Amino acid sequence: VPLTIMVRLRHGRYDAGAELPGDAEWPPHPARVFCALAASASGQADWAALRWLESQSAPQVHADPAARVRAGRASAYVVENSTSARGGNQSWPGRTNGMRSRAFAVPVTDSFAVVWPQADPAPGVLARLAGLAGTVPYVGRSRAWPR
Amino acid sequence: VREIRRVASISFAGLERLRFGDATDEAAVLARAALAALALAGDRLTFGGPSVWLRSGCDLAKTGEALGLERPGGEMDELTVTPEDALAAFHELRDRSAAAGIVMAGDIIVLEPIPSLAEAIAFAVTSGSQDAG
């Protein structure tokens, strides 16, 4: 029985860098989805469900082909980790600002799916995974909102 | 540019991740709801009117708007929310959250532009639009 996690990009945009950070990642890496689920985990049952998921064979990614994906870049000032007596950031006293330019992808289809063709989770595990998926605020960078 | 479309969301999933120390579950829910109402109030105060002044010489007229609660799967329950509605909800939820143990800081932060920025703002709102064309 296949297990599918469908990700609908709330604003139609997938925001994640590829191996070269200046390039947009496409198709989305399954690890992005797994990490998003892990970030929502809050108890032993959640972690058990994720341990089950990571023990499955490699999943498939169903997504638009690259020819149907527009890549773009967005630049913005963000708070940096370095500190300075002169500060600079309005929300983090003593921290500096720095310009960051990040790549993103806009597929024609505003969704993609991660599919485990032969997974057969127990009902309790499936319920946990569904619950985790429902509480994921973003996949990739915080600008890429799923629904 | 023939059209500008703005899409904004308040993520309940994002609010769900906020933690409030040893507060009760009820207090945490109220605090999250207060923040959602505050965000909605900010959106409605900024964009709830019939037009938006984007910058000097660039006034945007609204041609349509949809506001709603999006359910899992994408279905939208349309809502009508005035800025007054959102502010009233925020004030009530902030007070209920405080009564339950989570008090929102009420400090007033006054932002004052540096002189050159103040001059630029004054110029933009008084005479900048006359340069159009």
Side-chain angles (χ1 to χ4, degrees), chain A residues 4-15 32-43 46-47 50 70 72 74 77 86-93 97 104 106-107 109-113 126-147, chain B residues 1 3-29 31-33 35-36 38-40 42-43 47 64-79 104-114 116-118 121:
Chain A
T4 301
I5 296 179
M6 173 76 80
V7 179
R8 290 194 178 91
L9 299 165
R10 180 63 189 80
H11 296 167
R13 166 172 162 172
Y14 178 68
D15 209 300
R32 305 274 189 194
V33 175
F34 188 88
C35 289
L37 295 173
S40 287
S42 61
D46 287 344
W47 291 117
L50 289 171
R70 176 176 69 85
Y77 280 95
R86 295 184 61 191
N89 187 275
Q90 292 184 343
S91 302
W92 296 83
N97 290 319
F104 60 85
V106 182
T109 307
D110 67 350
S111 61
F112 65 89
L126 183 60
R128 282 289 168 179
L129 293 175
L132 286 173
T135 56
V136 167
Y138 56 86
V139 175
R141 294 194 197 99
S142 57
R143 288 173 176 165
W145 289 19
R147 61 184 180 188
Chain B
V1 177
E3 178 185 278
I4 294 176
R5 183 169 299 188
R6 188 184 73 94
V7 180
S9 305
I10 300 169
S11 170
F12 288 175
L15 290 169
E16 183 68 27
R17 283 197 182 169
L18 298 179
R19 296 291 179 262
F20 300 90
D22 57 359
T24 64
D25 289 345
E26 180 194 9
V29 168
R32 293 188 187 104
L35 290 173
L38 177 60
L40 186 57
D43 181 274
F47 298 105
E65 181 179 57
L67 181 73
L69 176 66
E70 187 174 335
R71 302 211 172 262
E75 283 185 40
M76 179 87 84
D77 294 345
E78 289 214 18
L79 303 171
M104 180 176 283
D107 306 340
I108 296 175
I109 300 173
V110 179
L111 300 177
E112 295 181 356
I114 59 175
S116 58
L117 178 58
I121 294 172

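Below, each value reflects all heavy atoms present in this structure, side chains not excepted, and no hydrogens, waters or symmetry copies. These numbers were taken from a predicted model, which means no experiment stands behind them. Below, chain A is the first sequence line, B the second, and so on; all start at residue 1.
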Visitor: Heavy-atom count check: over 12 atoms from other residues, nucleotides or ligands less than 6.0 Å from B:Asp22 CG?
Guide: no
Visitor: Looking at every heavy atom in both B:Ser9 and A:His11, which two are closest together, and how far apart are they?
Guide: OG-NE2, 2.7 Å
Visitor: Can you confirm whether B:Glu65 is buried at CD, in the sense that more than 12 heavy atoms of other residues, nucleotides or ligands lie under 6.0 Å from that atom?
Guide: yes
Visitor: So which heavy atom on B:Ala13 is nearest to which on A:Gly134, and how close?
Guide: CB-O, 4.3 Å
Visitor: If you compare all heavy atoms of A:Ser40 against all heavy atoms of B:Arg17, which two are closest, and at what distance to 0.1 Å?
Guide: OG-NH2, 2.8 Å
Visitor: Do other residues, nucleotides or ligands put more than 12 heavy atoms under 6.0 Å from B:Phe12 CZ?
Guide: no
Visitor: Please check if atom CZ in B:Arg6 has more than 12 non-hydrogen atoms from other residues, nucleotides or ligands closer than 6.0 Å.
Guide: yes
Visitor: CD of B:Glu16 to OG of A:Ser42: how many Å apart, nearest 0.5 Å?
Guide: 8.5 Å
